[in-house]
Amino acid sequence: MFQAWVSKVAGQLRCGVMLGIAAALLFAAETHAETLDVLHWWTSGSERRAADFLAQKLGDENIEWHDVAIPGGAGVGAVKVLKSRILAKQPPAAAQLIGPSISEWAKLGLILPLDDVAQAGAWQDHLFPTAWQLVQYKGHVLGVPLGIHRINTLFYNRKVFKRLGLPVPRRWADFEQAARRMQASGITPLGQSSEPWQVATLFETLILSEGGPAYYRELFVKRQPGAYADPKLARALQHLRDLKRWMAPSEKPWPEMVRQLARGEVGMMVMGDWAKAELNGMGLVTGEDFSCVPVPDTTDYHLYSIDTLAMFAVDDSLENAQHRFAQLLLQPNIQLGFSRLKGSVPVRRDQDLAGLDVCARASWQAFARGPGMQAPSLVHRMASDEPFKDAVVAQVHRFFMDDTMSVAEVQRRLAAQARALANEGG
Ligand code: GAL
């Protein structure tokens, strides 16, 4: 009897010990699943789905994506939060950092080089040269490009166009004709928010339309003094003012502007192709319910913004997870899956176009024409440092809101700003 009890207890103990060991192993595995803080500004429905897709793929690798999403279109709030976290010595493990700002943080030694990952994955052979250049700094690879957005995209509601018997708005003349007809039928022709970055996003497409990529670069990348006195700038500003008669601007976030297009309250909208993903997310089909064409007179050009994640050198123990994350992000299936949810196109030039819709295919093909046809978005941080971008956005917005301000006055102000910021080493 006593023996039976002893052996039962011993059995339970053995079982308990085994269970204890198993639990300890599980616990260890859980606590060893590294966590990476990822800071970004993807908060609309479609942006959220695209970020969740990456988080899930990272989770499959037993690395947890700790989300740090800061609302505010074009990263207006996110970039401020990033700066304050860095000043507080609490940088996130990864952040959406694009354009020249990557090298600004790199100069301070804050970015984790990804050279080995890039070499192992032969990134240089697979990426578009522009995307590859973008993540280079002094011979090191400092970021992972995720997808290419096209900013010079004119969306139009196909049902509205069909009902009014309007041709596809490929040229400004078609656009004007469509706008007149829509206004006469009680539809706002052009959906446009008066948020500063959204006004400036439209404006940069007008610069491209007026002057092509070479002039665009003179103005926003090289900041050549003569470019500010050029009549092309005057015409683009005047065009922005003339387009106001087709809008009913109020300061709404971009997803709300997209909803107005979806409901047919507005007929057209100029916005980066993240708007396409938002429309798809509402159940609208590209090429059926709505479609897109390049902004008139920019058909061969690609005004781009390349979403990129940079890894911060936070903690040696996270490096392995950061490298694995970087390696994952460039895989063809992840690139395609992310772009389809985000509205962008993959950064890989070996992409099979069969997986892309009609707008994405046109974007990819325009981008593939090479640097001569590409222009870096100023508003989305691809063309200049932050102070110059902010100064242009503020001036253009002021001009847009105040009809008494003359075109010549804005030209003078922009020239003065370019000079002042160049003196500061901008
Ligand atoms: C851009 C960014 C896109 C999208 C958009 C709207 O700057 O590249 O990914 O988020 O802003 O917020």
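Note that ligands are numbered from 1 as they come in the structure, with each ligand's atoms numbered from 1 the same way. Given the structure is predicted, the values throughout are model-derived calculations rather than measurements.
A donor-acceptor pair under 3.5 Å is formed between the side chain of Arg381 and the backbone N or O of Ala74.
Within 6.0 Å of CD in Glu61 there are more than 12 heavy atoms belonging to other residues, nucleotides or ligands.
Under 3.5 Å, the side chains of His380 and Thr201 contain a donor-acceptor pair of N or O atoms. Side chains of Thr298 and Ser209: no donor on one and acceptor on the other come within 3.5 Å.
A perpendicular orientation is assigned to the rings of Trp65 and Phe325, their planes being inclined by more than 60° (bins at 30° and 60°). Using the six-membered ring where Trp is involved, Phe367 and His302 have ring planes that are perpendicular, over 60° apart on the 30 and 60° scheme.
Around ligand 1 you find Trp41, Trp42, Glu47, Gly73, Ala74, Gln96, His149, Trp254, Trp274, Ser305, Asp307, Lys342, His380, each with a heavy-atom distance below 4.0 Å.
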